[in-house]
*Asks:* 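This is the structure I have questions about; it appears just below.
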Amino acid sequence: MKIRTRFAPSPTGHVHIGNIRAAIYGWLFARHEGGNFLLRIEDTDRERSTPEAVRMVLDAMNWLGLTFDEEPLYQSTRTPAHLAAAEQLLSKGLAYKEDKGGTGMGEAIIFRMPGTDMEFRDEVKGVLRKKAEDMKDFVIVRSNGTPVFHLANIVDDIHMGITHVIRGDDHVENTYRHLALFRALGAEPPKYAHLPMIVNAQGKPYSKRDGAAYVGEFRDKGYLPGALFNYLALLGWSPGDDREIMSREELVKAFTLDRVRSAPSQMDIKKLDWMNGAYMRALPKSELEQGCCSILEQKGLWPVTGGMEYLARVVETMGERLHFFADIADHAAYFFTEDYAFDEKAVSKRLKKEGALESLRTLAGRFAALEPFTAATSEQALRAMAEQRGEGAGALVHPVRVAVSGTSEGPSLFHMLEVLGKDRVLSRIRRALDRFASA
RNA sequence: GCCCCCAUCGUCUAGAGGCCUAGGACGCCAGGUUCUCAUCCUGGUAACAUGGGUUCGAAUCCCGUUGGGGGCGCCA
């Protein structure tokens, strides 16, 4: 039988990291088994289920590459089927009408639990049991005539031919009800796999108060979809060997439900950051440049003379220093504007030192005479001057770096100078001389 | 309160009775490379919650304790 899994979010506006992880596991499992991964939008809550909210779910999945195989099923279109199922249960005596709790709102349809002890084998938690006395009958159709989650969920899973339900831990207790419903409707129940929660440092469910909690936030912060996917796949699951950075194909190949851990796991943003850096370093040049470009546009640092060709050279010299696209603006803005910030500490350490400005002035003079002005020629000039003065190259390198970039961190100085170009280097040094002369 | 689940370095994890004086990764610390930073390389730090069993032998099996989480809706 062909495996069919589904992701069934209710579109509330944001896709929580825990939910998307369930989607990732469902996708991975389906792909591993050569089955289908389906999407069902549980939009029965008309208040919150706006078209924009649905859009956000689709966007998040698309961004992460969670492709689904058939047209998404909108639960709101299935109400007649849900109600028909309830009638069927009623006629078979498996459900009854009652004003449960005496609300005075009229009669609801209540499903009758079998009254026997139940057990099932969860694909990650193993065998789970519950005693008959711990399970109560429950409402499947409200007195206002609308179907309840449990009913809709099961009727739709039957309709979609779902073979494996992979969902959050919080549904474990519902499973007995769902199993009973499947049987009452004469359907073979699917296999269940309950995923432990993603928790915060306090062990509480991970929420927006713990930093980014929604897929969109990670995207906005500049994380690469591949990195987030890889990280989340490894949060609660492991291939059984020491692999960490894994391609999507490797993940699909290795993924099995029996290797999913049953203990909750905590997000480690530092590790995600590291992984993102690793993915950045592996990114094709063109994608790296494209990503940086949109950040620069966002920050108003683009366009710039030289265009993409210039950007390519900047990205090239920044190299491994880019852990996020945003780093191009946060750590390399000086390549794109004359209005770059000066780091106080760097200035006092490198420019306000005895003789620093005087050396800079001399060096600028030598730079001015260089033709062509390249990494090689500027390096040669600087080293020659340092040698004549009997001091280390660092004594000149550092002041120049701070003068032209405002910071003491950055790429190889000489490559940086070449990319900036002679004119800008000279004018920046001059300006720095003026600015810090009296200070 | 009742029911269920969980428990290895700070974090993510490997471990399915002897291969474990517990392995890997992130982080952190130290060193190397270097003009700084980043990358990279080397080394280090650090864990089987606890008490009982079972066994020749337990991180691995059983029971209790503690600690955490989830669930007990005409929410999903």
Side-chain angles (χ1 to χ4, degrees), chain A residues 8-10 12 42-45 48 75 98-101 103 105-110 122 124-126 128-131 133-136 138-150 152-153 167-176 194 196-199 201-205 231-232 234-245 258-259 261-275 277-278 280-281 318-323 327 331 346 349-350 379 382-383 386 392-402 405 407-416:
Chain A
S10 55
T12 55
E42 303 208 331
D43 58 346
T44 48
D45 183 343
R48 296 191 293 178
Q75 193 161 65
E98 184 186 299
D99 181 359
K100 193 166 177 262
T103 58
M105 293 162 64
E107 293 193 313
I109 300 178
I110 322 286
D122 187 278
V124 344
K125 291 177 179 296
L128 267 20
R129 298 172 226 282
K130 204 159 181 81
K131 292 205 177 62
E133 68 237 47
D134 293 324
M135 297 181 282
K136 294 184 291 190
F138 60 98
V139 174
I140 51 177
V141 177
R142 300 183 188 90
S143 52
N144 69 5
T146 58
V148 163
F149 161 76
H150 303 294
N153 199 268
R167 57 174 21 169
D169 227 348
D170 48 333
H171 282 299
V172 184
E173 303 290 324
N174 287 333
T175 307
Y176 301 96
H194 288 98
M197 316 212 91
I198 294 178
V199 301
Q202 288 72 242
K204 305 289 183 196
Y231 177 77
L232 253 20
L234 255 39
L235 193 64
W237 173 86
S238 83
D241 50 44
D242 290 337
R243 285 179 291 171
E244 297 261 15
I245 303 274
D258 62 343
R259 292 205 57 82
R261 293 227 340 149
S262 50
S265 34
Q266 198 176 310
M267 282 288 283
D268 182 357
I269 299 295
K270 285 252 184 71
K271 184 157 184 174
L272 207 209
D273 288 352
W274 161 77
M275 198 171 267
M280 283 290 279
R281 273 168 251 134
M318 281 301 288
E320 337 256 51
R321 274 153 282 253
L322 298 171
H323 291 189
D327 288 341
H331 298 294
K349 185 170 181 194
R350 303 301 187 187
E379 174 161 14
L382 183 144
R383 288 195 188 282
L396 289 173
V397 166
H398 298 303
V400 178
R401 174 187 298 285
V402 176
S405 74
T407 168
S408 56
E409 305 172 355
S412 153
L413 177 73
F414 305 110
H415 289 284
M416 184 173 110

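The sequence lines fix the lettering, A, B, ..., with proteins before strands; numbering per chain opens at 1. Everything numeric in this text was worked out from a predicted model, so none of it was measured.
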*Asks:* Which nucleotide sits closest to the side chain of A:N174: B:rA76, B:rA38, B:rC35?
*Replies:*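 The nucleotide sitting nearest to the side chain is B:rA76.
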*Asks:* So, does A:Y231 use its side chain to make a donor-acceptor pair with the main chain of A:D268 at under 3.5 Å?
*Replies:*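 Looks like yes, one N/O pair under 3.5 Å.
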*Asks:* Tell me, yes or no, whether the heavy-atom count around A:H415 atom NE2, taken from other residues, nucleotides or ligands under 6.0 Å, exceeds 12.
*Replies:*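 Counting other residues, nucleotides and ligands, NE2 of A:H415 stays at 12 neighbours or fewer.
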*Asks:* Just by distance, do the side chain of A:D134 and the backbone of A:K130 share a donor-acceptor pair under 3.5 Å?
*Replies:*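 No, because the side chain of A:D134 does not come within donor-acceptor range (under 3.5 Å) of the backbone of A:K130.
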*Asks:* Counting any heavy atom closer than 4.0 Å, what does A:P196 reach on the DNA or RNA strands: base, sugar-phosphate only, or nothing?
*Replies:*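 Answer is nothing: A:P196 stays at 4.0 Å or more from every strand.
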*Asks:* Return the value, rounded to whole Å, for the distance between atom CG of A:L322 and atom C1' of B:rA38.
*Replies:*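 Rounded to whole Å, this separation is 9 Å.
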*Asks:* State which of B:rG23, B:rG68, B:rA76 makes the closest approach to the side chain of A:F149.
*Replies:*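 From the listed options, B:rA76 comes nearest.
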*Asks:* Distance criterion of 3.5 Å, no angle test: do you see the side chain of A:S143 paired donor-to-acceptor with the base of B:rC74?
*Replies:*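 Pair found.
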*Asks:* Side chain of A:E42 only, heavy atoms from C-beta on: which candidate in B:rU11, B:rA76, B:rG69 is closest?
*Replies:*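 Selected nucleotide: B:rA76.
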*Asks:* What is the separation between atom CZ on A:R129 and atom P on B:rC5, rounded to the nearest whole Å?
*Replies:*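 Roughly 9 Å, once rounded to whole Å.
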*Asks:* Kindly say whether A:S238 contributes a backbone atom to a donor-acceptor pair with the side chain of A:R259 at under 3.5 angstrom?
*Replies:*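 Present.
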*Asks:* Tell me the interatomic distance from A:K270, atom NZ, to B:rC26, atom P, rounded to whole angstroms.
*Replies:*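 Rounding to the nearest Å, NZ of A:K270 and P of B:rC26 are 13 Å apart.
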*Asks:* Looking at the base of B:rC74, is there any donor atom on it, or on the side chain of A:D99, that sits under 3.5 Å from an acceptor on the other one?
*Replies:*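 Yes.
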*Asks:* Could you tell me how far B:rG51 sits from B:rG43 if I compare only their C1' atoms? Round to whole Å.
*Replies:*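 Each nucleotide's C1' atom is 38 Å from the other's.
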*Asks:* Contact class for A:H194 vs. all strands (heavy atom < 4.0 Å): base, sugar-phosphate, or nothing?
*Replies:*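 If one applies the 4.0 Å heavy-atom cut-off, A:H194 turns out to touch nothing in the nucleic acid.
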*Asks:* Taking the minimum atom-to-atom distance to the side chain of A:Q266, which one of B:rG73, B:rU39, B:rU11 wins?
*Replies:*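 The listed nucleotide nearest to A:Q266's side chain is B:rU11.
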*Asks:* Tell me what A:L234 touches on the nucleic acid: a base, only sugar-phosphate, or nothing, going by heavy atoms under 4.0 Å.
*Replies:*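 Here A:L234 touches the backbone only, sparing every base.
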*Asks:* For the C1' atoms, the ones on B:rC62 and on B:rG1, what distance do you get once it is rounded to whole angstrom?
*Replies:*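 Rounded to whole Å, the distance is 28 Å.
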*Asks:* For A:H171 and for A:S408, find the nucleotide of RNA chain B with the closest heavy atom, then tell me which residue's nucleotide is more 5'.
*Replies:*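 This one resolves to A:S408.
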*Asks:* Measure the distance from CD on A:E173 to C1' on B:rC4 and round it to the nearest whole Å.
*Replies:*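 About 4 Å, once rounded to whole Å.
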*Asks:* Strictly by modelled atom types, are A:S405 and A:R401 linked by a side-chain donor-acceptor pair under 3.5 Å?
*Replies:*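 Per modelled atom types, A:S405 and A:R401 side chains form no pair under 3.5 Å.
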*Asks:* Can you tell me how far P of B:rA76 sits from CE of A:M197, to the nearest Å?
*Replies:*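 After rounding, the gap between these two atoms is 18 Å.
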*Asks:* Heavy atoms only, 4.0 Å cut-off, all strands: where does A:G168 land among base, sugar-phosphate and nothing?
*Replies:*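 A:G168: no heavy atom of the nucleic acid under 4.0 Å.
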*Asks:* Looking only at side-chain atoms of A:L413, point me to the closest of B:rU39, B:rA7, B:rC35.
*Replies:*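 Within the option list, the nearest is B:rC35.
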*Asks:* Can you tell me which nucleotide in B:rC6, B:rC72, B:rG15 comes closest to the side chain of A:K136?
*Replies:*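 Selected nucleotide: B:rC72.
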*Asks:* Students often get this wrong, so: under 4.0 angstrom with heavy atoms, is A:S412 touching a base, only sugar-phosphate, or nothing?
*Replies:*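 The answer is base, as A:S412 lies within the cut-off (heavy atoms under 4.0 Å) of a base atom.
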*Asks:* Is the distance from OP1 or OP2 of B:rC35 to the nearest side-chain N or O of A:R383 less than 4.0 Å?
*Replies:*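 So the side-chain polar atoms of A:R383 do come within 4.0 Å of the phosphate oxygens OP1 or OP2 of B:rC35, strictly under.
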*Asks:* For A:V148, report the nucleic acid contact type (base, sugar-phosphate, nothing); a contact means any heavy atom under 4.0 Å.
*Replies:*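 Sugar-phosphate, no base atom in range.
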*Asks:* May I ask you to verify whether the side chain of A:S265 and the base of B:rC12 hold a donor-acceptor pair under 3.5 Å?
*Replies:*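 Not at all, since no donor on one side and acceptor on the other fall under 3.5 Å apart.
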*Asks:* A:A393 near the nucleic acid: base, sugar-phosphate alone, or nothing, with a heavy-atom cut-off under 4.0 Å?
*Replies:*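 The residue A:A393 makes no contact with any strand.
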*Asks:* Go through B:rA25, B:rC35, B:rC6 for me and flag the one nearest to the A:S262 side chain.
*Replies:*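 Within the option list, the nearest is B:rC6.
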*Asks:* From the set B:rU36, B:rU13, B:rC12, return the single nucleotide nearest to any side-chain atom of A:R261.
*Replies:*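 Nearest to the side chain of A:R261 among the choices is B:rU13.
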*Asks:* Taking the side chain of A:F414 as its heavy atoms from C-beta onward, which of B:rC35, B:rG27, B:rG69 lies nearest to it?
*Replies:*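 Of B:rC35, B:rG27, B:rG69, B:rC35 is nearest to the side chain of A:F414.
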*Asks:* When we call it a touch if two heavy atoms are under 4.0 Å apart, what does A:G394 touch: a base, just sugar-phosphate, or nothing?
*Replies:*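 Counting heavy atoms under 4.0 Å across all strands, no contact is made by A:G394.
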*Asks:* Need one value for A:L128: base, sugar-phosphate or nothing, where a base atom within 4.0 Å counts as base even if backbone is also close, heavy atoms only.
*Replies:*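 Sugar-phosphate, no base atom in range.
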*Asks:* Any idea which of B:rA25, B:rC6, B:rA38 is nearest the A:K271 side chain?
*Replies:*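 Shortest atom-to-atom distance from the side chain points to B:rA25.
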*Asks:* Answer with base, sugar-phosphate or nothing: what part of the nucleic acid does A:E244 contact at a heavy-atom distance below 4.0 Å?
*Replies:*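 Answer is base: heavy atoms of A:E244 come under 4.0 Å of a base.
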*Asks:* Got a donor-acceptor pair under 3.5 Å from the side chain of A:D170 to the base of B:rA76?
*Replies:*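 Counting by modelled atom types and ignoring angles, no donor-acceptor contact under 3.5 Å is found here.
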